[in-house]
Amino acid sequence: MSADLILGIETSCDETATALYHSEKGLIAHRVFSQVELHRDYGGVVPELASRDHISKLLPMIDHLLEETEQSITDVDAIAYTAGPGLSGALLVGSVTANALAFSLGIPSIPVHHMEAHLLAPLLESGQSKMPFVALLVSGGHTLLVHVKQRGEYALIGQTLDDAAGEAFDKASSLLGLGYPGGPAIAERALTGKSDIFEFPRPMMDPKDNLDFSFSGLKTSLLYTVNKLKDEKALNEECIADLSNAYQEAIVDCLVEKSRRAVTQMNVDTIIIAGGVGANKRLRDEMREVFEKVGVDVNYPSIEFCTDNAAMIALTGCFRYQDGIMNKNYEIKINPRWSIENIYNRESLGG
Ligand code: KG4
Ligand code: ZN
């Protein structure tokens, strides 16, 4: 098999990211520009602003990456980009850029599924991971449990019925006046908080709810508690830390319990945790504690590959390129609600 150089582009949400991945040497370099500051005042991602910012950042970032790595665009064999799921305008920027560049260079473009990329991200560091495994994919937009039988064969075995875990952190943070993004802010406050002052529900723990999640009730419960504390003029810094701790514990408990059930039911001995919430230290510690006791390997990408990045897109694109799955017609295709279960079906991308 020949050695291939893949340029990866990620623009599905509020990170503009680029990467170069070599089929033999591995990751050459990757860069991420976060739009957090742009969206901070709004308490969440504003889709229109996200798209516009991707437009202004993406081409200069590709130029810089090539310059810094002393590569020429003509060395690139294919361009992989996130085609979904994500925000449609933001995805379109990556798709149009990738396809226009690929067309001008006469090389293929490769649409990549963002969540598949998240679950293959640990391969950026370890080179290989034992399959089959269960993956817990937890980000701002998704909370999924996926049974990975082999690369490309994914079964969705659990998901949230309402808010994603990251969204639950973000909404809580906004309620507590801690700003955006919420996960890191709540996690930081939780460090100094006590866990036994407040108690939040652990929704969907009944056996009949099996592997699904629900986080919207948890957020409502926090809202009632905060309103009551405000009425009593008791919402001080110490209280915010205690609330953050108890709320984080509730989310972590739900994620750990459902992961434990999934690993048992699928009878696997490896779990991978990926997506932005996978950066949560309390979740990492608890997963390790629960699974190491029973001989299950817990595998996380390092934080830089846990949150959105293009290294995972270039890596996934490289696999697809080597499997011969690519786009030589330069159709601008995206699917903001692309399911992880039928990613190898071309119709799932609209044609
Ligand atoms: O995967 P990601 O970078 O972007 C997508 O949503 O695709 O995930 C972002 C989410 C946000 O909701 C953010 O609050 C959450 O991940 N997050 C965290 C932490 N760091 C980021 N949640 C909990 N603890 C963290 N340390
Ligand atoms: Zn993501």
Quick check: is Tyr180 connected to Ile251 through a chain of hydrophobic side chains (ILVMFWY, heavy atoms under 4.5 Å apart)? no
Between His30 and Phe305, is the ring centre distance below 6.0 Å? yes
Would you say Thr82 and Ile9 make side-chain contact, with heavy atoms under 4.5 Å? no
Nearest 0.5 Å please: distance from the CD1 atom of Ile79 over to the CG atom of Leu101. 4.5 Å
Is any NZ, NE, NH1 or NH2 atom of the basic residue among Glu331 and Lys328 found under 4.0 Å from an Asp or Glu carboxylate oxygen of the other? no
Report yes or no: do Asn309 and Glu10 form a side-chain donor-acceptor pair below 3.5 Å? no
Treating Ile, Leu, Val, Met, Phe, Trp and Tyr as nodes and any side-chain heavy-atom pair under 4.5 angstrom as an edge, say whether Leu229 and Leu178 lie in one connected cluster. yes
What do you reckon, is CZ of Phe103 surrounded by more than 12 foreign heavy atoms closer than 6.0 Å? no
Close side-chain approach of Leu87 and Thr11, heavy atoms under 4.5 Å: no
Side-chain donor-acceptor contact under 3.5 Å, Ser214 with Asp162: yes
Distance (rounded to the nearest 0.5 Å) between Leu5 CG and Glu24 CD: 11.5 Å
Arg284 charged N/C atom sitting above Tyr300 aromatic ring, 6.0 Å / 45°: yes
Minimal heavy-atom distance between Ser173 and Ala185, with the atoms involved, is OG-CB, 3.9 Å
Minimum heavy-atom separation for Ser139 and Gly275, please, with both atom names. CB-CA, 4.5 Å
According to a 4.5 Å side-chain heavy-atom criterion applied to Ile, Leu, Val, Met, Phe, Trp and Tyr, with indirect links allowed, do Leu124 and Ile271 form part of one hydrophobic cluster? no
If we count only N and O atoms by modelled type, under 3.5 Å, do the side chains of Ser109 and Asn99 hold a donor and an acceptor together? yes
Looking only at side chains, do Ser302 and Glu125 share a donor and an acceptor under 3.5 Å apart? yes
Is the closest side-chain heavy-atom distance between Leu235 and Leu243 below 4.5 Å? yes
Going by atom types alone, do Asp242 and Tyr247 pair a side-chain donor with an acceptor below 3.5 Å? no
For Asn210 and Arg261: C-alpha separation, side-chain torsions, deciding distance, then whether side chain to side chain contact (heavy atoms under 4.5 Å, CB included) applies. CA-CA 8 Å; Asn210 201 14; Arg261 289 184 193 177; 4.3 Å; yes
Does Glu341 CD have over 12 foreign heavy atoms under 6.0 Å away? yes
Rounded to the nearest 0.5 Å, how far apart are CG of Leu119 and CG of Asn299? 11.5 Å
Take atom CD of Glu232 as the centre, draw a 6.0 Å sphere, and report whether it contains more than 12 heavy atoms from other residues, nucleotides or ligands. yes
Under 4.0 Å between a side-chain nitrogen and a carboxylate oxygen: does that hold for Lys258 and Asp212? no
So that I can tick it off, tell me whether Glu167 and Lys219 are bridged by a salt bridge, with the cut-off set at under 4.0 angstrom between side-chain N and carboxylate O. no
Among side-chain atoms of Asp308 and His114, is any donor-acceptor pair under 3.5 angstrom? yes
Side-chain donor-acceptor contact under 3.5 Å, Glu68 with His64: no
Less than 4.0 Å between a side-chain N and a carboxylate O, is that true for Glu237 and Arg189? yes
Same cluster for Phe213 and Val277 if Ile/Leu/Val/Met/Phe/Trp/Tyr side chains link at under 4.5 Å? yes
Separation between CG of Leu144 and NE2 of His118, rounded to the nearest 0.5 Å: 10.0 Å
